[in-house]
Amino acid sequence: MFDILFLGTGASVPSRDYALPAVLVRSGPDTVLFDCGEGTQRQIMVSPFSFMKLGGIFITHLHGDHFYGLPGLIQTMGMMGRKDPLIVRGPEGTVSALETMLSVCPGEIGFELDVADMSPGDEVSVGTLKVSAFATEHGIPSQGYVLKEPDVRGKVDAAKAESAGITGKDFSVLEEGGTVNGVSMEDICEPVRRGKSLAYTGDTRPCATLTEAVRGVDVLIHEATYTESERDHAERFFHSTAADAASAAKECGCSSLFLVHISNRYKDREVCLKEAAAIFPETYVPVDLALYKTTKKGIKSV
């Protein structure tokens with residue numbers, strides 16, 4: 001199950017009400033951050049989470065509103081005594097950009113910084129979580145990410161075990177991958193419970209690589225910079241409308257949709273929610289610092 005904290009849901013420049021893009025996702029002990037706009041570390045500080053527990057940071061593209069908070073966050077972690085390694089991934093140019101930004105401010109970080117450019121199709125592990133990249137279209141190198149929890153083995157069915165003659169030390173053999181009386185652990189367990197999945201698009205116009213990558217995910221966090229009334233702007237600047245995001249969620253069979261990266265021109269975001277919900281009812285428009293949980297019954301606001 002995921003805890004999803006929306007640190008910044010605005011677009012391009014911060015406003016009095018909305019910070020720049022950043023979404024923190026936690027599953028058990030593992031925590032990742034998608035995008036890191038200016039001010040992200042402060043947003044985490046006033047939330048129930050700790051940036052010292054971040055295992056990975058994933059940048060979608062190198063526009064400043066998605067990236068400028070990263071060097072400051074890394075340096076603060078070092079100043080606060082972080083020792084655990086930190087994974088940082090982004091599209092082509094991420095390594096060079098981060099090295100340049102950190103080089104102008106002398107000082108040792110004090111912990112292992114595992115930074116690499118990541119290409120669509122690549123996958124990296126953060127604890128038990130798997131994060132894979134998929135191509136998006138934003139006019140510069142850009143990508144979104146799919147986050148997956150591990151599947152969980154079903155509980156042992158006592159009746160099946162008894163029927164198969166499995167008792168006592170037999171279970172240890174099965175736990176180690178062996179068989180007893182021709183029976184494996186899978187044979188006496190309930191069906192595997194599929195781990196939850198989440199996709200974060202970053203900035204993009206509608207594209208086939210996105211819809212293919214996010215098909216069937218439980219949670220889709222999709223940019224919605226504009227509404228349909230300003231589709232010309234969306235097309236010109238390689239962005240999506242609220243309707244685009246909803247159409248993607250519907251086509252791909254997602255369970256829930258969150259709209260982020262909403263232009264400051266929409267003082268009342270209800271217009272974005274109404275546009276998307278008319279196509280995909282299970283749509284949410286989070287405010288900054290809103291926290292949601294995935295549950296067996298769906299999404300819960302905390």
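Only this structure's heavy atoms are used, side chains among them; waters, hydrogens and symmetry mates stay out. Along the sequence shown, residues carry numbers from 1.
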Consider only side-chain heavy atoms of I, L, V, M, F, W and Y, link residues closer than 4.5 Å, and tell whether [X] and [Y] are in one cluster.
X	Y	value
F6	I44	no
L210	F237	yes
L86	M118	no
I262	V13	no
V115	L70	yes

Below 4.0 angstrom, N of the basic side chain to O of the carboxylate: do [X] and [Y] qualify?
X	Y	result
K274	E270	no
R205	E137	yes
R193	E149	no

Whether the [X] and [Y] side chains hold a donor-acceptor pair (N or O, under 3.5 Å, no angle test) is what I'd like checked.
X	Y	answer
S184	D187	yes
D35	T60	yes
T204	H138	no
Y284	E282	yes
E228	T241	yes
E251	T211	no
H66	D203	yes

So do [Y] and [X] actually touch side chain to side chain, heavy atoms under 4.5 Å?
X	Y	value
D244	S247	no
V217	K148	no
D170	V183	no
V260	H222	no
V146	K130	no
D114	P85	no
L174	I188	yes
T167	E162	no

Between [X] and [Y], what is the shortest heavy-atom contact and its length?
X	Y	value
A19	Q43	CB-NE2, 3.8 Å
E223	S240	OE1-N, 3.2 Å
V214	C252	CG2-SG, 3.6 Å
A242	A276	O-CB, 3.7 Å
A97	L62	CB-CD1, 4.1 Å
F2	V25	CD2-CG1, 3.6 Å

Please check if the side chain of [X] supplies one atom and the backbone of [Y] the other of a donor-acceptor pair under 3.5 Å.
X	Y	result
S15	Y18	yes
D218	L198	no
D117	E92	no
S163	K160	no
T40	A22	no
R89	T94	no
Y266	T227	yes

- Message: Tell me which pairs pass salt bridge (charged side-chain N to carboxylate O under 4.0 Å, His left out) where either residue lies in residues 15-27, with sequence neighbours left out.
- Response: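 Every pair satisfying salt bridge (charged side-chain N to carboxylate O under 4.0 Å, His left out) with a residue in residues 15-27: D3-R26.
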
- Full working for side chain to side chain contact (heavy atoms under 4.5 Å, CB included) between L7 and L289: CA-CA 5 Å; L7 296 165; L289 298 176; 4.2 Å; yes

Spacing of [X] atom [atom1] and [Y] atom [atom2] [to the nearest 0.5 Å]:
X	Y	atom1	atom2	value
S125	D30	OG	CG	10.0 Å
S47	L291	OG	CG	8.5 Å
L33	L73	CG	CG	7.0 Å
D268	L273	CG	CG	9.5 Å
L257	K250	CG	NZ	13.0 Å

- Take F58 and V124, measure what side chain to side chain contact (heavy atoms under 4.5 Å, CB included) needs, and give me the verdict at the end. CA-CA 10 Å; F58 295 85; V124 64; 3.4 Å; yes

- Please test E186 against R153 for side chain to side chain contact (heavy atoms under 4.5 Å, CB included), starting from the C-alpha separation and ending with a verdict. CA-CA 8 Å; E186 293 180 355; R153 191 188 72 196; over 6 Å; no

- Query: Looking at R265, E275, R231, E235, which one forms a side-chain contact (heavy atoms from CB on, under 4.5 Å) with Y226?
  - Reply: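 One option only clears the test, and that one is R265.
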
- Message: For Y200 and F34, take the angle between the two ring planes, folded into 0 to 90°, and tell me which bin it lands in: parallel under 30, tilted 30 to 60, perpendicular over 60.
- Response: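 The arrangement is parallel - the two ring planes meet at less than 30°.
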
- Under the side chain to side chain contact (heavy atoms under 4.5 Å, CB included) criterion, do V219 and I299 qualify, and how do the steps go? CA-CA 9 Å; V219 178; I299 296 295; 4.1 Å; yes

